Amino acid sequence: MSIEQRPRRCGGWLERLIQHARVRSPWLLHFDCGSCNGCDIEVLACLTPLYDVERFGIVNVGNPLHADLLLVTGTVNRRNARVLANLYRQMAAPKKVVAIGACGLSGGIFREADNVIGGIDRIIPVDCYVPGCPPRPEAIIDGVMRVLERFGTGHPKEDVAKGKGIP
Amino acid sequence: MRRAVIPFGPQHPVLPEPLQLKLSLKDEVVVEALPALGYVHRGLESLATKRDFHQMVQVCERVCGICSVLHAICYCQGIEEIMGIAVPDRARYLRVIWGELLRLHSHLLWMGLFADSLGFESLFMQLWRIREQVLDIQEATTGNRVISGVIRIGGVCRDIDDAQRGWIQTTLAAVDRAVRQIAPVLREDFTICARTVGKGILSAEKARELGAVGPVLRASGIAQDIRQTGYAAYGELDFNPVIETAGDCHARCMVRLGEIHQSIDLIGQALARLPQGAIRNPVHGKPTGETVMRVEQPRGEVLYYLRADGGKTLARMHIRTPTFANVPVLIDLLPGLGLADVPVVVLSIDPCISCLER
Amino acid sequence: MSDLILRGVAGLLAGPLLGGLTSGLDRILTARLQARQGPPLQQPYYDVVKLLAKELVVVNAWQAFCVYSHLFATVLAVVLFALQADLLLILFTEAVGAVFLVMGAMASTSPYSQIGAHRELLQILVYEPLLFLVAIGIYLETGSFRLTAVFQWPVPLITQLPLLFGVLCLVLVIKLRKSPFDLSAATHAHQELVRGLFTDFSGPLLGLIEIAHWYETVLMLAFCGLFWAGGLLPMTTLALAAVMGVILMDNATARLNWRWLLGYGWLAGMTLSLINLIWHFRGAG
């Protein structure tokens with residue numbers, strides 16, 4: 001599996017232990033940012049017996065203060081942009097963001113609608129994009145796993161994007 | 001205790017969707033509930049003037065991912081009425097099958113979330129496990145798990161072959177058995193009854209007055225189901241609206257439980273009588289005229305108003321969704337409830353915020 | 001003396017070792033009961049290490065103080081148990097720890113946290129008297145509050161005080177935050193208060209609360225074990241049986257509200273304890 005193949009960062013045993021724990025225990029926060037529900041129910045389906053992401057230690061905590069991963073579905077509009085930025089700010093470092101579905105990537109089918117700003121990355125930095133309308137649960141799990149690899153290697157880019165779209 | 005205001009949402013684990021309820025509490029009892037909307041508003045109706053009327057089928061499906069096929073059916077029926085297109089018999093039956101599959105998975109999904117709002121996590125897991133079988137049928141017949149994209153103006157674009165028919169029947173029989181096994185828990189379990197019986201009672205008069213639709217209305221004892229008007233192939237199938245009379249959260253749950261069996265039965269009937277022939281009639285020209293079309297969704301009656309003046313795009317599209325009709329009911333039910341009952345009552349109307357705000 | 005130190009160290013280690021494993025076992029069993037595979041057994045350790053290494057966000061200085069006090073008091077209670085001290089002293093220490101957690105939650109302004117704290121206080125009001133009734137039952141049976149006497153008692157207490165063991169299991173349901181009485185904070189955030197009591201604790205502080213919860217679990221299970229204190233094996237068997245019962249209960253019920261907790265939990269607990277005590281008195285008299 002891909003987690004095992006990630007390049008190991010040099011460091012003391014404590015650092016390695018922490019990295020290991022971070023990869024094995026991602027708590028996620030799901031925010032529906034104006035999606036049509038298609039992606040939301042697929043995110044929820046990931047928690048249920050057939051897909052059971054608790055195998056990987058993933059728990060849906062529903063509280064930004066506790067979460068490591070932010071899963072965002074849907075387009076950003078002028079009202080929820082602030083909520084999204086706020087949730088991201090409330091999360092404690094290190095944190096990662098996964099944008100789910102065509103709408104979360106670019107605005108998708110609603111791109112030209114009146115009240116749509118666009119994809120999630122207009123407001124907050126995104127670490128992984130999961131395409132699909134809606135993406136299958138397998139794709140969502142794969143996206144989350146790819147982000148977890150980055151907990152092990154990269155340095156988190158914590159700066160909040162300039163936020164072209166925030167009203 | 002002093003009055004506390006709880007911002008219930010827009011991000012809250014009980015609601016997968018961003019509805020905000022500002023709850024004023026006094027000793028954990030709701031005094032006032034104010035909904036704050038707009039978090040999912042996309043301005044979808046405006047797309048009707050920007051996209052080709054054929055493309056709008058796909059947009060309508062994405063008004064809401066859990067009611068998708070039925071939005072598309074309603075839109076297509078409206079356009080077909082304006083343009084005077086006859087839909088082939090086989091397509092009408094296929095629309096019924098996919099519509100009822102959607103109702104089936106939507107109700108199972110709702111029931112799981114309802115159990116979750118009661119703090120009954122294992123029931124949530126079991127119900128969603130059953131639901132996966134319905135999604136398997138959706139995937140095998142339409143190619144996608146949630147948003148199917150099979151409805152077209154003038155018919156449908158995919159067919160169900162004979163081998164699939166048998167397999168669908170056996171899978172649905174398994175779903176039926178599994179739901180029957182779980183039903184006593186929902187109906188009689190002590191803790192579930194303690195949380196749902198007598199909570200959020202809506203009388204029949206009040207339901208009419210507030211304009212409730214769908215299972216909320218039927219749980220108050222009013223037998224009104226838009227499927228009775230006989231659109232698609234419903235006129236040729238046998239069914240009666242499921243009703244309950246208590247009007248509380250438990251009754252709403254029981255109505256949906258009854259409708260799960262009803263949907264399985266309707267799919268069985270439609271599969272048995274599926275006529276041979278074409279699945280799609282060609283569409284020529286551009287629509288001119290206006291119409292109102294109603295369809296029964298899992299959450300109740302959806303209403304489409306369409307106006308076209310001969311162009312490539314429509315001149316106006318308006319959608320009145322079932323949740324829009326049921327929110328006044330919710331606001332009426334909440335005051336006087338304990339905080340612990342709020343998620344239960346909110347979920348009992350099966351709120352679909354992306355439908356509500358479009 | 002060296003014996004005492006050894007026992008103290010054993011008590012200190014019991015929390016992270018036994019508590020963490022119980023928590024992991026709990027998650028696996030719960031998942032299996034829900035037709036899922038569940039996380040690996042060592043999952044709680046991953047969670048705690050990750051939490052401890054997260055960025056520290058303190059809403060208010062009192063919060064941190066209360067968490068440290070909460071942890072200290074619960075660890076002390078377990079160590080006192082390992083030293084076979086006085087039962088009442090252990091109970092009081094444990095109660096102090098529980099109250100500090102409530103104070104920590106009250107120190108923040110979030111309404112979820114506040115209401116969670118109120119509910120936790122109600123829970124403490126329900127289970128503390130019941131715990132003391134259990135202790136009194138043990139005293140009446142063995143003639144001493146000291147654990148050394150309890151451990152030397154020849155007959156398993158469960159044969160004499162079966163109803164009180166039932167009461168202790170009820171307390172266990174509340175203490176482990178399980179359905180139907182997971183009012184103030186559920187293990188998973190699927191409730192109206194998000195995570196109730198824990199809403200405003202994050203990162204390292206939440207990790208410390210989790211460790212304190214392990215110690216609490218060990219303490220409660222050790223209490224259960226007291227009812228068959230004829231060595232390590234019977235104690236563990238009884239404690240495991242109690243945990244299994246609680247997990248089964250958790251997966252077979254919906255959450256009830258605080259009226260039910262007061263009306264049924266408290267009333268049932270009180271009645272059971274009193275019946276057992278009166279019956280025991282008459283038997284002794």
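Computed from a predicted model, the values in this text were never measured in an experiment. Computed from heavy atoms alone, side chains included, the values below leave out hydrogens, waters and symmetry copies. The sequence lines fix the lettering, A, B, ..., with proteins before strands; numbering per chain opens at 1.
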Side chain, backbone, both or neither: which part of C/A252 has a heavy atom under 4.5 Å from chain B?
->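 Backbone only.
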Specify the closest pair of heavy atoms between C/N251 and B/S122, including all atoms of both residues, with the distance to one decimal.
->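 Where C/N251 meets B/S122 most closely, the heavy atoms are O-OG, 2.5 Å.
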Smallest separation among heavy atoms of C/Q34 and B/Q126, with atom names =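 Nearest heavy atoms, C/Q34 then B/Q126: C-NE2, 4.0 Å.
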In terms of heavy-atom contacts, does [atom1] of [X] have more than 12 from other residues, nucleotides or ligands at under 6.0 Å?
{"X": "C/W266", "atom1": "CH2", "value": "no"}
{"X": "B/Q181", "atom1": "CD", "value": "no"}
{"X": "B/F324", "atom1": "CZ", "value": "no"}

Would you give the length of the straight line joining atom CD1 of B/I192 to atom OG1 of C/T253, rounded to the nearest 0.5 angstrom?
->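 Atom-to-atom, B/I192:CD1 and C/T253:OG1 are 9.5 Å apart.
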Mind checking the CD-OG1 spacing from B/E121 to C/T30? Nearest 0.5 Å is all I need.
->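 Taking CD in B/E121 and OG1 in C/T30, the distance rounds to 8.0 Å.
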Checking B/R195 side chain against C/R255 main chain: does a donor-acceptor pair fall under 3.5 Å?
->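 Answer holds: yes.
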